[in-house]
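Just below is one structure, and these are the notes that go with it.
Fair warning: this is a prediction, and the values are worked out from it, not measured in the lab. Sequence positions, counted from 1, serve as the residue numbers for this chain.
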Amino acid sequence: MLEALWDKRALLVSGKGGVGKTTLAAALALAASRAGHTVLLAELSPEEDGPSPLAALVGARGAGLRVTRVRPRLHFVRLSASEGHRSFLEKGLPARWLAEAALRTRALRRFLEAGPALREMGLMYQLLTLLRRTRPDGRFVHPLAVVDLPSTGHALALASLPHHLLSLMPGGLIGRDVREGLDFLQDPARTAVVLTSLPEPLPISEALIVASELRRLALPLSAGILNRMPEDPFTPESRAALHRLLAAHGPHQGALALERLERARTAAVRLRRELCAPLLTLPELPATGLALTEALAGAFMPSPADALWHEARL
Ligand SMILES: Nc1ncnc2c1ncn2[C@@H]1O[C@H](COP(=O)(O)OP(=O)(O)O)[C@@H](O)[C@H]1O
Ligand SMILES: [Mg+2]
């Protein structure tokens with residue numbers, strides 16, 4: 001399943017806050033680069049300055065608005081609306097200096113930054129500009145981008161944005177570029193949305209709502225990731241024995257842990273049934289930061305000896 005993801009041009013990692021998007025975007029990028037693919041890990045952050053949590057997770061130093069190399073075959077960039085606006089103006093205006101001059105105009109800057117749709121357009125435009133870049137031999141500079149979307153709303157905003165913009169400006173340069181962007185985002189051969197959730201009832205319900213929104217917007221939901229699945233050490237027999245023990249001996253802390261395990265299992269079964277996309281389950285790991293990224297990247301690359309990774313069989 002992952003091999004199919006590596007063949008796309010853009011993986012958009014989506015999900016509610018706190019489910020592990022940033023961690024999984026970093027881990028996916030690392031796994032793809034280890035598998036021999038050239039990857040651009042892109043952060044679509046609400047703020048363009050301040051520390052980047054995503055950069056820290058792959059050990060990128062001095063990560064900023066320019067593409068920087070993190071390790072062989074892995075680059076990092078922080079997508080910025082204003083960079084996108086610049087590329088856009090450079091394309092639309094006859095000279096580069098005119099684009100610079102236009103961007104220095106306070107009124108234009110305020111206009112571009114004020115409307116969320118224009119900010120989103122800048123971000124999408126910068127991503128597409130980077131993805132279009134080619135080497136002298138015609139190969140793509142960034143064949144695969146893994147994008148950490150800051151919130152669920154973002155993936156949806158990106159996809160509904162072109163409709164808004166097209167209704168405002170159906171023709172001309174903007175219309176053409178926006179349509180091209182929309183084609184790109186809706187093309188399952190080039191784009192994959194990876195929807196992340198935790199094995200808890202509420203996040204699962206939210207993920208399922210997002211999945212139906214994605215379908216409505218014709219965005220290709222390619223995979224779900226059930227992250228932080230607690231390890232279940234019990235066989236059905238030992239579980240039944242445990243239930244009998246707990247029933248006989250009254251309230252015990254272990255009952256809570258068992259309840260959590262069962263909640264996670266029920267939630268996972270529901271997600272698996274209703275998601276309509278392949279589902280990967282990743283374990284809760286006792287690590288943080290770069291160590292967690294590395295371990296999860298390892299978990300993405302199945303080997304017969306690797307007990308961490310398994311496609312959910314529920
Ligand atoms: N598989 C995992 N095992 C253990 N901790 C995890 C795992 N995935 C994510 N985390 C932790 O969960 C927290 C939220 O993750 P993060 O990637 O920042 O989520 P998001 O970007 O969706 O808000 C972080 O503290 C991260 O270290
Ligand atoms: Mg995040």
Side-chain angles (χ1 to χ4, degrees), residues 1-15 19-42 44 58 72-75 127-128 130-132 139-149 152 155-156 158-159 181-197 207-208 210-227 229 268 271-283 293-314:
M1 187 189 103
L2 286 168
E3 290 70 33
L5 291 183
W6 303 159
D7 289 339
K8 314 282 181 205
R9 299 291 324 279
L11 303 187
L12 308 180
V13 184
S14 179
V19 296
K21 286 181 301 296
T22 302
T23 307
L24 293 176
L28 277 167
L30 207 55
S33 80
R34 283 184 188 163
H37 301 271
T38 301
V39 189
L40 175 65
L41 178 60
L44 207 147
V58 287
R73 293 188 302 276
L74 181 59
H75 289 75
L127 176 63
L128 292 174
L130 289 169
L131 286 171
R132 266 197 294 254
R139 284 184 305 145
F140 287 117
V141 175
H142 304 294
L144 172 66
V146 178
V147 187
D148 175 23
L149 297 178
T152 304
L156 305 178
L158 276 179
L182 184 60
D183 283 349
F184 189 100
L185 289 176
Q186 293 179 329
D187 177 5
R190 288 181 288 176
T191 297
V193 180
V194 178
L195 184 59
T196 307
S197 182
L208 289 169
V210 176
S212 72
E213 271 300 283
L214 291 170
R215 274 193 292 277
R216 190 176 65 77
L217 292 164
L219 283 178
L221 172 60
S222 305
I225 296 182
L226 191 59
N227 189 26
M229 189 72 180
L271 187 64
R272 177 134 190 108
R273 275 207 198 112
E274 297 178 30
L275 187 67
C276 310
L279 185 68
L280 269 181
T281 300
L282 291 175
T293 313
E294 299 261 0
L296 287 172
F300 276 131
M301 308 195 63
S303 70
D306 196 346
L308 284 178
W309 187 95
H310 61 283
E311 203 162 329
R313 258 175 256 115
L314 294 162

Handout entry: Rounded distance (nearest 0.5 Å) linking atom CG of Leu44 with atom CG of Leu12
Key = 9.0 Å
Practice task
May I ask you to test the Thr38-Leu144 pair for a side-chain heavy-atom distance under 4.5 Å?
Solution key: no
Practice task
Compute both the distance and the angle, then confirm whether Arg9 meets the cation-pi test with Phe140: under 6.0 Å from the six-membered ring centre, within 45 degrees of the axis.
Solution key: yes
Completion exercise
Heavy atoms of Lys21 and Ser14 approach each other most closely as CD-C, 3.6 Å
Fill in the blank from the handout: Distance col, row Leu128:CG vs Leu185:CG, nearest 0.5 angstrom, shows 6.5 Å
Problem - Minimum heavy-atom distance Ala268-Leu226, with the two atoms named - result: CB-CD2, 3.3 Å
Handout entry: Atom pair CG (Leu11) and OG (Ser222), whose distance is rounded to the nearest 0.5 Å
Key = 8.0 Å
Handout entry: Spacing of Arg190 atom CZ and Asp183 atom CG [to the nearest 0.5 Å]
Key = 6.5 Å
Practice task
Pick out which of Thr23, Val19, Thr196 makes a side-chain contact (heavy atoms from CB on, under 4.5 Å) with Asn227.
Solution key: Thr196
Exercise for the section: Report the distance from atom CG of Leu195 to atom CG of Leu149, rounding to the nearest 0.5 Å. Expected result: 10.5 Å
Practice task
Of all the heavy-atom pairs spanning Ala26 and Val58, show the shortest one and how long it is.
Solution key: CB-CG1, 3.7 Å
Handout entry: More than 12 heavy atoms of other groups within 6.0 Å of Arg132 CZ
Key = yes
Handout entry: Any donor-acceptor pair under 3.5 Å from Thr191 side chain to Pro188 backbone
Key = no
Exercise for the section: Return the orientation label for the His142 and His75 ring planes: parallel under 30°, perpendicular over 60°, tilted otherwise. Expected result: perpendicular
Exercise for the section: Would you give the length of the straight line joining atom CG of Leu28 to atom CG of Leu41, rounded to the nearest 0.5 angstrom? Expected result: 9.5 Å
Handout entry: Polar side-chain atom of Gln186 near backbone of Leu217 as donor-acceptor pair, under 3.5 Å
Key = yes
Problem - For the student: nearest non-hydrogen atoms of Leu271 and Ser197, plus distance - result: CD2-CB, 4.4 Å
Problem - Closest non-hydrogen atom pair, Gly224 against Leu275 - result: CA-CD2, 3.6 Å
Exercise for the section: Would you indicate whether the side-chain heavy atoms of Lys8 and Pro220 approach each other to under 4.5 Å? Expected result: no
Fill in the blank from the handout: When every non-hydrogen atom of Ala27 is compared with those of Leu296, the smallest separation belongs to CB-CB, 3.7 Å
